[in-house]
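Comments concern the structure below.
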Amino acid sequence: MCVTIYKESPRKWLVRSRFAASGRGAIRRTPETLTVQESHYQSLPISVSPTTNEFAKLRQSMVDSQLRARGICDERVLEAMLFVPREEFVPEVLQADAYGDWPQPIGAGQTISQPYTVAYMAQAAQLRGEEKVLEVGTGSGYGAAVLSVLVAEVHTIERLPALAHRACELLKKLDFGNVHVHIGDGSLGLPHEAPFDAIIVTAAGKCLPSAYVDQLTDGGRIVIPIGQQKSSQHLYRIYRKRGEVIADDLGRFAFVPLIGDQGWESP
Ligand code: SAH
């Protein structure tokens with residue numbers, strides 16, 4: 001089922017419980033959970049060019065010129081972006097460009113979001129430190145690592161097993177111990193770990209999956225890109241408060257599609 005978002009005023013959108021049938025056979029698999037201890041995959045080769053120190057300088061420059069200068073002002077988010085070594089999460093051949101102001105390919109036709117988008121979504125989720133968070137779309141694991149610094153517990157779900165295993169191994173190697181990686185269709189949320197204080201969706205849906213609203217604590221936030229076209233979406237922050245669900249339109253963004261029961265059909 002899908003929740004439709006209605007425009008109420010220029011920047012306020014009201015989420016109504018008008019459910020649309022998905023129209024697809026509901027074969028629902030229980031998500032598989034990877035624990036960092038059990039993962040048996042080889043770690044990625046880590047290149048050290050530029051040097052660790054040069055990467056640190058590039059990271060600082062990224063925070064100053066791409067984030068602070070463009071209005072990211074949550075100091076905890078800025079610190080997390082300064083802490084996480086993004087170069088570890090991109091393919092070895094692209095490491096020199098790890099702090100570029102653009103998304104990068106991570107294999108399987110997927111991308112790691114540009115630094116600004118990662119920081120913007122984390123800031124939009126209004127995280128204070130005690131939260132249990134669900135990230136939909138693990139990809140490289142970079143977004144999960146940033147969230148790991150900001151909250152108490154992160155659950156991240158990825159539909160492509162190869163990406164999930166690789167991210168899990170990397171997060172283990174880098175000691176992001178409060179991240180739990182799951183394999184499955186994240187368009188259905190992660191019911192057995194719900195409720196979540198925040199749900200951050202890093203792939204774009206056609207609509208807001210109702211499962212996310214159901215799996216959110218009272219006062220919780222969902223940050224999700226939604227668009228009727230695969231190439232262009234708006235990012236929304238959706239609050240659930242005392243039974244009411246309200247959405248803010250945060251503007252136009254571009255994400256890869258959310259593929260699954262409550263998202264787009266697999267190409
Ligand atoms: N957060 C990631 C960005 C990944 S891009 C990072 O920091 O690298 C979005 C990811 O969402 C892709 O890896 C894609 O495979 C995944 N995805 C798409 N639909 C999904 C679904 N229904 N459930 C889980 N993951 C999904």
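What's counted below: heavy atoms across the whole structure, side chains too, no hydrogens, waters or symmetry copies. Quick caveat, the model's predicted, so the values are computed rather than measured. Numbering starts at 1 and runs along the sequence shown. Indexing begins at 1, ligand by ligand and atom by atom, following the structure's order.
Of the N and O atoms on the side chains of Gln114 and Asp101, at least one donor lies less than 3.5 Å from an acceptor on the other residue. Side-chain contact check for Glu87 and Tyr99: at least one donor-acceptor pair (N or O, by modelled atom type) lies under 3.5 Å. Side-chain contact annotation: Thr156 with Glu135, donor-acceptor N/O pair under 3.5 Å present.
Under a 4.0 Å criterion applied to the non-hydrogen atoms of Glu135, ligand 1 contributes the atoms 1 (N). Against a heavy-atom cut-off of under 4.0 Å, Leu160 is close to the following atoms of ligand 1: 15 (O). Below 4.0 Å from some heavy atom of Leu163 lie the following atoms of ligand 1, by number and element: 13 (O). Near Val256, meaning under 4.0 Å from any of its heavy atoms, are these atoms of ligand 1: 5 (S), 9 (C). Close approach of ligand 1 to Gly184 is summarised as follows: ligand atoms under 4.0 Å from at least one heavy atom of the residue are 23 (N), 24 (C). In summary, the atoms of ligand 1 found under 4.0 Å from a heavy atom of Ile112, numbered by their order in the structure, are 8 (O). Listed by number with element, the atoms of ligand 1 under 4.0 Å from a non-hydrogen atom of Ser140 are 6 (C), 7 (O), 8 (O).
Look at Lys132 and Asp197 and you find no salt bridge, because none of the NZ, NE, NH1 or NH2 atoms lies under 4.0 Å from a carboxylate O. A salt bridge is defined here as a Lys NZ or Arg NE, NH1 or NH2 lying under 4.0 Å from an Asp or Glu carboxylate O, and Glu54 with Arg59 fails to meet this definition.
Distances from atom 18 (C) of ligand 1 to the heavy atoms of Ser266, Gly137, Pro257 put Pro257 nearest.
Annotation: cation-pi pair Arg86/Tyr142 present, NZ/CZ under 6.0 Å from the ring centroid and within 45° of its normal. For the pair Arg70 and Tyr116, the cation-pi criterion (under 6.0 Å, within 45° of the ring axis) is fulfilled.
The shortest N or O to N or O distance between Ser113 and ligand 1 is not below 3.5 Å.
For the ligand labelled ligand 1, residue Gln262 lies outside the 4.0 Å heavy-atom shell. Using a 4.0 angstrom heavy-atom cutoff, Ser187 counts as in contact with ligand 1. Within the structure, ligand 1 lacks Ala108 among the residues with a heavy atom less than 4.0 angstrom away. Taking a 4.0 Å cut-off on heavy atoms, Thr138 registers as neighbouring ligand 1.
Given atom 23 (N) of ligand 1, the protein heavy atom at minimum distance is Gly186 N, 2.7 Å. In terms of protein heavy atoms, atom 22 (N) of ligand 1 is closest to Ile259 O, 2.6 Å. The protein non-hydrogen atom at the shortest distance from atom 7 (O) of ligand 1 is Gly143 N, 2.9 Å. For atom 13 (O) of ligand 1, the closest non-hydrogen atom of the protein is Glu158 OE1, 2.7 Å. Atom 26 (C) of ligand 1 has its closest protein heavy atom at Arg159 CG, 3.6 Å. Protein heavy atom nearest atom 14 (C) of ligand 1, with residue, atom name and distance: Gln110 OE1, 3.3 Å.
With a 4.0 Å cut-off on non-hydrogen atoms, Thr111 touches ligand 1 through its backbone and not its side chain. Residue contacts with ligand 1 for Thr202 involve both N, CA, C or O and side-chain atoms from C-beta outward (heavy atoms, distance under 4.0 Å).
Taking the six-membered ring where the residue is Trp, His180 and His155 present parallel rings, their angle staying beneath 30° rather than reaching 60°.
Under a cut-off of 6.0 angstrom, the local environment of CD in Glu130 is sparse, with at most 12 non-hydrogen atoms contributed by other residues, nucleotides or ligands.
Rounding to the nearest 0.5 Å gives a distance of 5.0 Å between OG of Ser140 and CD1 of Ile106. Atom CD of Gln262 is separated from atom CG of Leu208 by 9.5 Å, given to the nearest 0.5 angstrom. Note that the CG atom of Leu67 and the SG atom of Cys73 stand 11.0 Å from one another [nearest 0.5 Å].
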| task | Evaluate the criterion side chain to side chain donor-acceptor pair (under 3.5 Å) for residue pair Asp185 and Ser187; output intermediate values, then yes/no. | result | CA-CA 5 Å; Asp185 179 4; Ser187 75; 2.8 Å; yes
